[in-house]
Amino acid sequence: MSADIEKNSQNNKSENVEKPAKKEDPHGSSDHPTSYAETMMHMMKGNVGAGLFAMGDAFKNGGIVVSPFLTLILAVICVHCEHILVIIAVAEAVPKLGLFISLIGSLCSTALALIVPSLLELIVKSDKPKGPGRTIFIKNSLIILLGFLGTVTGTYQSLSDIIAEFFS
């Protein structure tokens, strides 16, 4: 009888031993976190999901004239809401968002505003037998050069600002 009591007291002692506390994550922890691809699939499933199956019934009830218009309005609202959610997520993830926006702007905006249109005009005008012409070629070459200069200087300035902010 006393051997049973000793075994029970030993079992209780081993059960009462406290396990070391895990670090608490303010966002919760998971043994299997969601990957980027899984997250994107969840977002698509949330937008498309069961609504796709109801689309035929919605078109039947709304009519062939009104339904496409309303579908476009709903699509714009859904895309706008997702856009806002992504902007909020990026703003929370990146500490100095303005610096990175200036970098992206210097890399992309000058290319979209100056370089690409000039290149497209050169490509379109060069299909003619005579080519784009001397004045159009010179004008577009100068605009492309100006765009390239703006891209390089803007990117340099943005990168130097980022380096000064994070490494100084």
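In this text, all values refer to a predicted model and were calculated from it rather than measured experimentally. The first residue of the sequence shown is numbered 1, and numbering continues consecutively from there.
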> Would a 4.5 Å heavy-atom cut-off, applied to side chains only, mark I144 and L122 as touching?
yes
> Do L103 and T155 touch side chain to side chain, with heavy atoms closer than 4.5 Å?
yes
> Can you tell me if NZ on K125 sees more than 12 non-hydrogen neighbours from other groups inside 6.0 Å?
no
> Look up atom CD1 in I104 and atom OG in S109, then write down how far apart they are to the nearest 0.5 Å.
9.5 Å
> Can you tell me how far the CG atom of L72 sits from the OG atom of S67, to the nearest 0.5 Å?
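The OG atom of S67 is 11.0 Å from CG of L72, to the nearest 0.5 Å.
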> Should side-chain heavy atoms under 4.5 Å link Ile, Leu, Val, Met, Phe, Trp and Tyr, which residues sit in the same cluster as L120?
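V116, listed by chain and number.
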> Using a cut-off of 6.0 Å, state whether more than 12 heavy atoms not belonging to F137 lie near its atom CZ.
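Incorrect, the count does not exceed 12.
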> Let me confirm one number: the CG-CG distance from L114 to L142, rounded to the nearest 0.5 Å.
12.0 Å
> Taking the side chain as everything from C-beta on, heavy atoms only, tell me whether S106 gets closer than 4.5 Å to Y156.
no
> How about I77 and I73: do any of their side-chain heavy atoms sit closer than 4.5 Å?
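Of all side-chain heavy-atom pairs linking I73 with I77, at least one is under 4.5 Å.
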> Determine, stepwise, if the pair N140 / L119 fulfils side-chain contact (heavy atoms from CB on, under 4.5 Å).
CA-CA 7 Å; N140 286 333; L119 283 174; over 6 Å; no
> Has S160 got a side-chain atom pairing as donor or acceptor with Q157's backbone, closer than 3.5 angstrom?
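Pair found, side chain donor or acceptor close to backbone of Q157.
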> Between CG of L99 and CG of L159, what distance do you get to the nearest 0.5 Å?
10.5 Å
